[in-house]
Number of protein chains: 2
Amino acid sequence: MPAHKDALGLVSGRTRVFGIVGDPIEQVRSPEMFTAEFRRRGRDAVLVPIHVRPEDFDACLPELLKVANLDGLIFTIPYKARALHLANVVGPNAQIVGAINALARMGDGRWKADIFDGLGCVEAFRRQGIGFVDRRVMLLGAGGAGSAIAVAIAFEHPRSLQIYDPDAARGETLAAKVKRVDPKIAVAVDVPKVTGIDVLLNASPIGMLEDARLPLEVERLPRELVIFDAIVTPERTPLLVLAETCGCATIGGREMMRGQSDAMVDFFGYPET
Amino acid sequence: MPAHKDALGLVSGRTRVFGIVGDPIEQVRSPEMFTAEFRRRGRDAVLVPIHVRPEDFDACLPELLKVANLDGLIFTIPYKARALHLANVVGPNAQIVGAINALARMGDGRWKADIFDGLGCVEAFRRQGIGFVDRRVMLLGAGGAGSAIAVAIAFEHPRSLQIYDPDAARGETLAAKVKRVDPKIAVAVDVPKVTGIDVLLNASPIGMLEDARLPLEVERLPRELVIFDAIVTPERTPLLVLAETCGCATIGGREMMRGQSDAMVDFFGYPET
């Protein structure tokens with residue numbers, strides 16, 4: 001039985017420990033987000049930043065996993081691919097993407113892993129009542145975030161998935177991964193477009209922070225399109241502002257993050273009660 | 001500049017991390033005590049429990065020290081002696097005792113260590129305006145706590161230090177350590193007594209929890225004696241209750257703990273501002 005959340009102090013000898021491993025680490029938001037969510041769910045657990053330098057990662061991580069009250073780790077830049085081999089059991093998304101972002105201790109002491117970046121996008125759509133079955137999807141950006149999103153969507157069986165990346169080879173690599181999930185999806189590497197599709201996803205960095213550009217050259221968006229932008233800051237990216245102007249349904253990076261972190265807290269063994 | 005304490009959240013990507021390493025770990029009080037004290041001093045830092053099993057300690061600890069935002073560790077049972085070799089610079093108390101309980105990262109990246117168990121006792125006396133210079137001291141118990149206390153007091157140059165332990169060899173070993181600190185102290189292994197002394201210290205476990213016994217056979221204590229008991233629970237041990245009845249000055253385990261943890265937070269680089 002979880003302790004009542006009001007009875008939880010900051011941290012005690014019984015507190016279970018989680019961490020986020022990255023380099024650099026100061027900018028990560030997971031410590032406050034996950035610690036708050038653990039407590040909201042009545043769990044005595046804390047998630048702390050763990051700054052591991054690249055030259056130390058391979059020796060340090062297996063030893064960190066021996067800490068007996070450490071129950072899970074999140075991996076961020078630059079470790080998502082490098083952490084894959086730490087897991088004894090790898091989830092379907094991570095197997096295809098070739099990277100993980102969450103590692104959780106199982107009841108038998110082994111470690112399971114998966115990547116939730118893309119699952120957070122799918123979950124954010126689901127919370128707005130929008131599914132991907134039989135949809136025609138255009139994805140901009142085939143980097144880390146784009147790859148995870150494309151693979152997670154592939155498991156939802158869209159009709160087609162068109163991928164644009166300025167690095168064509170990177171687009172082709174991702175297209176092959178999508179085909180591995182579901183050979184029936186019509187996958188193509190193509191230029192950005194807004195016609196003949198139902199959903200437009202931006203997973204490129206264009207529009208981030210002070211960047212006022214759109215990730216594709218358009219002046220209007222068809223109002224029946226659903227527009228998603230993975231960028232978290234700003235919350236209302238140039239693409240989302242245009243989409244609202246055009247009357248499109250929109251889903252943003254913060255909704256993806258919320259869907260992702262909720263699914264990860266479940267994965268860490270603390271389901272909503 | 002430390003952030004204002006009201007602005008500190010629970011934990012963020014910028015939070016500095018400290019730990020207490022032991023086996024078992026659930027019973028430790030340091031996570032709440034130190035985290036609260038860090039915050040009271042306006043520092044964005046947290047101290048978490050780190051449960052390392054004995055078979056993992058030697059491989060795990062050197063790797064843990066590579067975590068770049070980990071700034072210090074506390075060691076508790078059974079690791080105080082085993083952790084000594086992790087330090088690059090060892091303080092005077094720890095050198096004599098042959099054990100450490102605190103390890104702190106220095107500005108140049110190396111690690112300094114010392115043992116504060118005994119320093120906490122000396123600090124508790126100092127806060128009551130009582131020094132050890134030229135005093136005649138009787139110590140009951142030459143285990144881990146007793147050893148640290150005797151060595152810390154030896155650095156204060158008492159006139160004499162008499163040590164009682166049911167294991168005479170253990171008493172002799174500690175007497176030799178006291179001699180190493182200051183050969184001018186009259187050190188002897190002796191039976192418990194309350195005459196010809198100024199300060200009586202209990203560092204034995206007798207009187208702990210439900211144990212209603214006194215650590216020595218007496219019915220009264222001379223009222224000019226200062227009585228110290230290292231036991232934390234109960235706060236008023238049978239010895240301290242008798243001492244109060246007899247009009248003696250008393251100092252308890254909680255005052256030692258407070259003196260110790262304040263000195264350790266200083267050692268971790270967060271002095272009172």
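Everything numeric here is computed off the predicted structure, so don't read it as measured data. Naming: A, B, ... by sequence-line order, numbering from 1 per chain.
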Considering non-hydrogen atoms only, spot the tightest contact between Pro49(B) and Ser12(A) and give its length.
CG-O, 3.3 Å
Tell me, out of Val67(A), Val28(A), Ile25(A), who's got the most heavy-atom pairs with chain B below 4.5 Å.
Val67(A)
Region of Arg53(A) that comes under 4.5 Å of a non-hydrogen atom in chain B:
side chain
What residue, out of Val48(A), Ile50(A), Val17(A), Val52(A), has the most heavy-atom pairs lying under 4.5 Å from chain B?
Ile50(A)
Check whether any side-chain heavy atom of Val46(B) sits under 4.5 Å from a side-chain heavy atom of Val11(A), and report yes or no.
yes
Kindly compute the distance separating NZ (Lys66(B)) from NE2 (His51(A)), expressed to the nearest 0.5 Å.
14.5 Å
If one checks every heavy atom of Gln27(B) against chain A at 4.5 Å, the contacting part turns out to be neither
Distance-minimising heavy-atom pair for Asp56(A) and Glu63(B):
O-OE1, 4.5 Å
Portion of Leu47(A) that has a non-hydrogen atom of chain B nearer than 4.5 angstrom:
backbone
Atom CZ of residue position Arg254(A) - does it have more than 12 heavy atoms of other residues, nucleotides or ligands inside 6.0 Å?
yes
Decide if atom CZ of Arg127(B) counts as having more than 12 heavy atoms of other residues, nucleotides or ligands within a radius under 6.0 Å.
yes
Roughly how far, to the nearest 0.5 Å, is the OG1 atom of Thr15(A) from the CD atom of Glu26(B)?
10.5 Å
